[in-house]
Every structure is written in C-alpha cells, then in structure tokens.
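Below: the structure, in structure tokens.
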Amino acid sequence: MSTTETAPPGARTEVPKGERVADWVDGRLGIYNFRFLIRKVFPEHWSFMFGEIALYSFVVLLLTGLWLTFFFDPSMSETVYHGPYAPLQGVQMSQAYSSTIHISFEVRGGLFIRQLHHWSALTMIGALCIHTLRHFLTGSFRKPREVNWLIGFVMLVLVTLEGFVGYSLPDDLLSGTGLRIAEGVTLAIPLVGTYLSMFLFGGEYPGHNVIGRFYSFHILLIPGIVVALLTVHLILVFYHKHTQFRGAARTEKNVVGQPLFPHYTAKAGGFFFIIAGVLSLLAGIAQINPVWTYGPYRPDQISQGSQPDWYMGFLEGALRAMPAWEFSVGGYTVNMGVVLPAVVLPTLMMAVIALWPFLEAWVTGDRREHHLLDKPRDHPTRTAFGVAFVALYLVLFFGGANDVLAEKFHLSLNAITYSVRVGIFLVPAVAYVVTRRICLGLQRRDRDKLLHGRETGRIRRLPHGEFVEVHERLDRQREYALLARKGYEPLPAPQTEHNGVPNPHLRKQMLRYKLSRWLYGNQIAKPTEQEMQEALAHFAHANGHGALGGHGSAGGHAEIGAQRSSAEGREPDQELL
C-alpha cells in the first residue's frame with residue numbers, strides 16, 4: 001500500500017523564497033540571460049595566479065586607501081608639531097606630514113592601515129611585473145590579445161606612477177628627495193620640460209601645490225583610469241576565453257578546466273582571503289616607510305642612504321651610472337646625464353614591451369589566432385630576450401643601491417659604479433646566450449625523452465654482465481604535450497628578382513628574413529612520425545624481452561643481451577635500486 005499523497009489538481013504549491021527573489025531580480029536585471037557566464041571555464045596552472053594576486057592586492061589597496069582619505073590632509077601649509085612623538089616636538093612641518101604622523105601614532109589602527117596600504121602597493125606592482133613576464137614568455141600576447149596586452153602594459157605603467165605619487169604624499173625627507181629627482185628629470189626633457197614641471201608641481205619646487213595636485217592624481221585620476229582599464233581587461237579575458245598550455249584534449253577551440261561557479265568562485269574567494277591575510281601579516285610585523293625617522297622635507301637636507309621603492313630602483317640606478325654629460329644647442333643646455341638614463345632609456349624599454357606583439361607578428365607573418373600557450377623553452381629567442389631584459393633591470397636596480405652596497409660590503413663606491421656601467425652591456429648579453437642555450441638543451445632533452453623514454457633511476461644488470469639504466473616510455477599525456485609543441489621555422493629567403501624584374505620590396509623582406517632567422521633559427525626539431533614509430537617499436541621490442549637499454553650503444557647492448565639470454569637460457573635480471 002502506497003503512502004504517497006498527491007495534491008489536488010486545483011491546489012497551489014508555494015514557490016521557494018530563493019526562487020522568488022531570483023525571479024524578482026531577473027525581471028529587473030535579466031540575470032537569467034547571463035547563465036552562460038556561470039559555466040565559463042577557467043584552466044588551472046600555478047602561473048595564472050599572479051594576475052589574481054595583483055587583482056586582490058588592488059582591492060585591498062582601494063579599501064585601505066579609502067580609509068586613509070578620512071584622516072590625511074594634503075596641505076602644504078606650515079604647522080608646528082605638538083603630538084606624542086617626542087623627537088619631533090616643536091618641529092615645523094607641513095600639514096601633510098603632520099597628518100601622516102597623526103595617522104601613525106594617534107589614530108587607532110592607523111599605522112597598521114598605512115603599512116597594509118604600502119605593502120599592498122608593492123605586492124600589486126610586483127605581481128603585475130611577473131604576470132606581464134609570464135604572458136611574454138608563453139606568447140599569450142598573440143592574436144587576438146594584442147589590445148589586451150596593451151591595456152595590461154598601460155595598467156602596469158599607471159600603477160607604477162600611482163605608487164610613486166602615493167609614496168610622495170607624506171612630504172617626508174625621503175619622499176621629498178625622490179620628488180626633487182623627479183622634478184630634475186622633468187626639467188631635463190628638451191623643449192617641454194619647463195612646461196611639464198610647472199604643470200605637475202605648480203611652480204618652482206617645492207612650492208605649495210605639489211602635494212595637493214599629486215593627491216588628486218593619487219585618489220581620483222589614476223585609480224579611475226586603472227579601474228576602467230581593469231574592467232575592459234577582464235571583459236576581454238572573458239570574451240577571448242582563457243589561454244591554456246598544450247596537453248591532452250586541449251585545442252585552439254576549447255578550454256579544459258573548472259567552471260566559474262561554484263568551483264572557481266570558491267577557490268578565488270579563498271585565495272583572496274589568503275592574500276589579504278598575508279598582506280595583513282606583513283603590515284603587522286614588517287615595518288615599512290617609517291616617515292617619523294626621516295623628518296619633514298627640507299630642500300637643504302637629504303637622507304643618508306636614501307632609496308626609492310623597488311619598482312623605481314632601476315631609474316635610480318640608471319641615473320647613478322650615467323656619467324655627467326651635457327652640451328648646449330642654440331643657447332639651451334641639454335643634460336644628457338639625465339635625459340639618456342631617465343627619459344630615453346625608460347621610454348625605449350616601455351616601447352619594446354608595448355610593441356613586441358606587433359613586431360613578432362610582422363616578422364613571422366603569423367595572422368592566426370592562438371589560444372594555446374608556448375612553454376618558454378619552445379621559443380628560445382623570445383625567452384632569452386625576456387631574461388636579458390630582466391637582467392638589465394636587475395643591474396640597474398642594484399646600481400641604485402651602490403652606496404648601500406659599498407657600506408654594507410666595505411667596497412669602493414666608484415668600483416661598484418663602474419661595474420654597473422660595464423654590467424649594463426655585459427650581463428644582459430651573457431644572460432641572453434646562457435638562457436637560449438638552456439632552452440635548446442631542454443628541447444633536446446624533450447626530444448630524447450620521446451625517442452628513448454624517461455630515466456627511471458633503476459639500474460639493471462644484463463645476462464652478459466653489463467649494467468644499464470632502465471628507461472620507460474612517457475605516459476600518454478606527457479608524450480602528447482611534447483609532441484603538440486609548435487614547430488617554428490624562419491621565413492624563406494626573399495627573391496632578388498622575378499622574371500628579370502628587381503624585387504621592389506627586397507630590403508623590407510630581407511629585414512624580415514633576418515629577424516625571422518634570429519627569432520626562429522637553429523631550433524631543435526620534433527621527432528618525425530617515422531622516428532616516433534621506430535621508437536615505439538623499440539619500446540615494444542625491449543618490453544617484450546624484459547630489458548630496455550638507455551641511450552646510444554646501451555640500447556644495442558640490451559638487444560644483444562636479450563638475444564643471448566634467449567639462446568643460452570635466460571638468467572634473471574638483477575636490479576639495483
């Protein structure tokens with residue numbers, strides 16, 4: 001006898017409350033039309049997390065910055081300090097510096113929020129740098145993501161400027177020194193330097209307008225642009241779909257991973273709290289930017305061993321390494337000791353980063369869409385160039401700390417400066433050559449693994465007494481990923497003439513040909529289909545005889561040993577673990 005009861009035909013069942021709320025929202029916002037976003041797939045790889053670190057640090061940055069605006073006074077008007085910090089009692093200072101000291105010592109939790117804000121800024125810029133480097137080394141900037149690459153590059157430049165501007169707001173002696181350098185660099189720009197300096201600083205430095213203007217840039221202009229660019233950046237990531245590394249079941253037309261909801265959402269939410277927790281831990285235990293030890297800014301003083309935040313270290317190093325060199329043109333002095341390291345060099349570095357996707361597409365003539373990533377070893381020249389770029393940055397970075405290095409390691413300041421000057425040219429070149437050789441070596445190792453198997457670490461004694469290392473065929477997924485590597489080849493040499501008519505585009509085509517040879521030449525080819533068939537036949541033959549040799553003659557000895565054992569009576573193999 002069944003105990004199931006059914007409702008009468010005319011009875012009404014109550015709709016769940018959650019469904020009613022969802023229907024109400026859908027009737028006004030149309031959220032049901034965005035159902036496809038919930039199933040948006042995101043691939044998994046540890047290198048993809050740097051972008052999330054930058055995003056979550058930016059969220060913490062916005063929240064802490066909003067809190068700090070309630071207490072900070074961006075005024076250059078003079079006041080005399082009478083707060084709890086005894087060493088500054090009776091010292092004349094600006095309202096900006098006084099409010100910073102007030103936040104640090106008198107506002108409950110103020111020092112913690114200040115340091116959390118600063119650590120978030122440093123972490124965000126660092127994560128963005130690594131995120132950009134990851135995109136460069138894997139080739140994710142190719143079609144159709146060139147515009148998104150430019151957006152990311154502009155965001156990196158803007159957040160670097162945002163960090164410098166925010167670092168300058170307290171009007172302490174250390175940040176004032178950095179502002180003085182920035183003003184000198186601005187004045188050194190030919191033709192427009194004076195006008196730019198007047199616009200940025202509101203008159204002769206230090207003046208009374210610079211902090212107020214920088215405050216507007218810091219809390220309104222630059223963050224607003226970054227938020228707008230970030231929104232467009234994320235929309236394009238959704239539109240173009242996420243890139244992924246080559247592997248089984250991964251093609252240019254699909255994405256293998258986990259859906260946005262609930263898997264990725266839960267993981268991303270947890271990761272946000274991890275990032276916020278780590279930043280909070282740093283803010284609580286690691287002191288940063290103690291402005292009270294520097295004192296207020298005075299043009300006639302400078303902090304001993306003053307260093308900028310790390311992201312401006314390369315600019316400081318370039319200025320310290322450049323010799324004093326200036327000349328006059330038409331009665332105007334051109335200070336090349338400032339223009340070259342602080343204007344020309346950063347502009348050139350930024351231009352190379354921004355235009356690389358278009359340069360590579362022009363050289364290769366590749367107009368296809370790319371949704372699968374390269375491993376850095378698959379593109380040795382590009383990887384070597386990226387590492388050389390990082391090496392140049394690091395040489396300049398350490399050059400900006402030449403006085404600290406000289407003091408801590410008891411070295412000559414001049415010797416360090418001359419070493420930096422030589423290292424600017426030598427270290428990137430060495431890094432380029434070494435990195436490219438490493439990438440080619442890894443390509444050879446991948447080819448060897450496909451043809452001869454992986455090393456198991458097990459030593460086998462053959463029946464005739466020889467010891468060989470046992471090799472095994474790679475698992476199918478790993479094998480597929482290695483065989484799916486894109487084989488890049490340089491462009492063919494252009495023809496000098498056609499039917500007796502000289503080629504009118506010979507110079508441009510020859511330039512593309514030489515650049516393509518530099519970019520794609522001398523790479524290690526993947527095994528051919530015939531070579532793979534022979535390797536698989538060798539694996540099957542070796543497994544059938546119970547012995548698998550290593551490289552070269554070891555494989556031949558293994559086959560000979562197998563033949564002897566079958567003819568003379570098989571002896572048990574002995575493995576040494």
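In this chain, numbering begins with 1 at the start of the sequence shown.
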For Tyr195, look at atom OH and say whether over 12 heavy atoms of other residues, nucleotides or ligands are found less than 6.0 Å away.
no
Measure the CG-CG distance between Asn289 and Asp309 for me, rounded to the nearest 0.5 Å.
7.0 Å
Does Ser197 reach the main-chain N or O of Leu187 with its side chain, forming a donor-acceptor pair under 3.5 Å?
no
Within this structure, what is the CG-CE distance for the pair Asn148 and Met155, rounded to the nearest 0.5 Å?
7.5 Å
Ser104 side chain vs Leu111 backbone, donor-acceptor pair below 3.5 Å:
no
Tyr311 side-chain N/O to Cys129 backbone N/O, donor-acceptor pair under 3.5 Å
no
Once rounded to the nearest 0.5 Å, what's the spacing between atom CG of Leu169 and atom OG1 of Thr100?
8.0 Å
Main-chain N/O of Phe105 paired to Trp292 side chain as donor or acceptor, under 3.5 Å
no
Sub-3.5 Å donor-acceptor pair from the side chain of Trp119 to the main-chain atoms of Val278, do we have one?
no
Going from OG1 on Thr64 to CZ on Arg114, what distance comes out if it is rounded to the nearest 0.5 angstrom?
11.5 Å
Test item: Leu519 and His379 side chains (from C-beta on) under 4.5 Å apart, heavy atoms:
yes
Could you verify whether a donor N or O on one side chain and an acceptor N or O on the other, from Thr383 and Arg436, lie under 3.5 Å apart?
no
Applying side chain to side chain contact (heavy atoms under 4.5 Å, CB included), run through Leu340 and Leu345 and close with a yes or a no.
CA-CA 6 Å; Leu340 276 181; Leu345 179 62; over 6 Å; no
So, for Phe201 and Thr186, which heavy atoms are closest and what is the spacing to 0.1 Å?
CE1-OG1, 4.4 Å
Within-4.5 Å side-chain heavy-atom neighbours: Thr160 and Leu128:
no
Between Leu319 and Ile181, is the side chain to side chain contact (heavy atoms under 4.5 Å, CB included) condition met? List the steps.
CA-CA 10 Å; Leu319 285 168; Ile181 295 174; 3.7 Å; yes
Check: Phe238 ring centroid to Phe42 ring centroid under 6.0 Å:
yes
Has Thr123 got a side-chain atom pairing as donor or acceptor with Ser120's backbone, closer than 3.5 angstrom?
no
For the residue pair Tyr215 and Leu220, establish whether any side-chain heavy-atom pair is separated by less than 4.5 Å.
no
Search all heavy atoms of Leu315 against all heavy atoms of Ala342 and return the closest pair with its distance.
CD1-CA, 3.5 Å
Would you call the rings of Trp325 and Phe327 parallel, tilted or perpendicular, taking 30° and 60° as the class edges?
tilted
Could you walk me through whether Arg382 and Asp374 pass the side chain to side chain contact (heavy atoms under 4.5 Å, CB included) check?
CA-CA 11 Å; Arg382 183 206 294 152; Asp374 293 329; 3.7 Å; yes
Any side-chain heavy-atom pair from Ile211 and Ser94 closer than 4.5 angstrom?
no
For atom CZ of Phe217, is the number of surrounding heavy atoms from other residues, nucleotides or ligands below 6.0 Å larger than 12?
yes
Side chain proximity check, Leu179 to Tyr167, heavy atoms < 4.5 angstrom:
no
Tell me, yes or no, whether the heavy-atom count around Phe273 atom CZ, taken from other residues, nucleotides or ligands under 6.0 Å, exceeds 12.
no
Would you compute the distance between atom CZ of Phe214 and atom CG of Asn209 and round it to the nearest 0.5 angstrom?
11.5 Å
What do the steps show when you test Glu360 against Trp356 for side chain to side chain donor-acceptor pair (under 3.5 Å), and what is the final call?
CA-CA 6 Å; Glu360 185 170 316; Trp356 182 272; 2.8 Å; yes
Within a strict 4.5 Å, meaning less than it, do heavy atoms of the Phe112 and Ser280 side chains meet?
yes
Work out which heavy atom in Ala391 is nearest to a heavy atom in Val427; give both atom names and the distance.
CB-CG1, 4.0 Å
Any side-chain to backbone donor/acceptor pair from Arg213 onto Phe199? Under 3.5 Å, distance only.
yes
With side chains defined as the heavy atoms from C-beta onward, is the minimum distance between Phe164 and Ser168 less than 4.5 Å?
yes
Row check, Tyr418 ring normal vs Arg421 NZ/CZ: under 6.0 Å, within 45°:
yes
Donor-acceptor pair, Ser99 side chain versus Ala96 backbone, under 3.5 Å?
yes
Side-chain heavy-atom pair Val343, Val338 within 4.5 angstrom cut-off:
no
Go through the steps to decide whether Val352 and Phe385 satisfy the test side chain to side chain contact (heavy atoms under 4.5 Å, CB included), and finish with yes or no.
CA-CA 11 Å; Val352 170; Phe385 185 85; 3.7 Å; yes
Minimum heavy-atom separation for Asp172 and Leu174, please, with both atom names.
OD2-N, 3.1 Å
Say whether, by atom type as modelled, one donor and one acceptor occur between the side chain of Gln115 and the main chain of Ile288 under 3.5 angstrom.
yes
Tested for side chain to side chain contact (heavy atoms under 4.5 Å, CB included) against Ile416, the lone hit among Asp403, Val404, Asn402 is Asn402
Glu44 CD to Gln258 CD distance, which is reported to the nearest 0.5 Å
4.0 Å
Polar side-chain atom of Arg145 near backbone of His370 as donor-acceptor pair, under 3.5 Å
yes
Quick one: sort the Phe48 and His242 rings into parallel, tilted or perpendicular, breaks at 30° and 60°.
tilted
For Leu173 and Gln301 the tightest heavy-atom approach is CD1-O, 3.6 Å
So which atom in Gly399 and which in Val420 form the shortest heavy-atom distance, rounded to 0.1 Å?
CA-CG2, 3.6 Å
Can you confirm whether more than 12 heavy atoms, excluding those of His208, are under 6.0 Å from its NE2 atom?
no
Begin with the C-alpha distance, continue with both residues' side-chain angles, and end with the deciding distance and a verdict on ring pair (Phe, Tyr, Trp, His ring centres under 6.0 Å) for Phe389 and Phe136.
CA-CA 11 Å; Phe389 190 93; Phe136 181 84; 8.1 Å; no
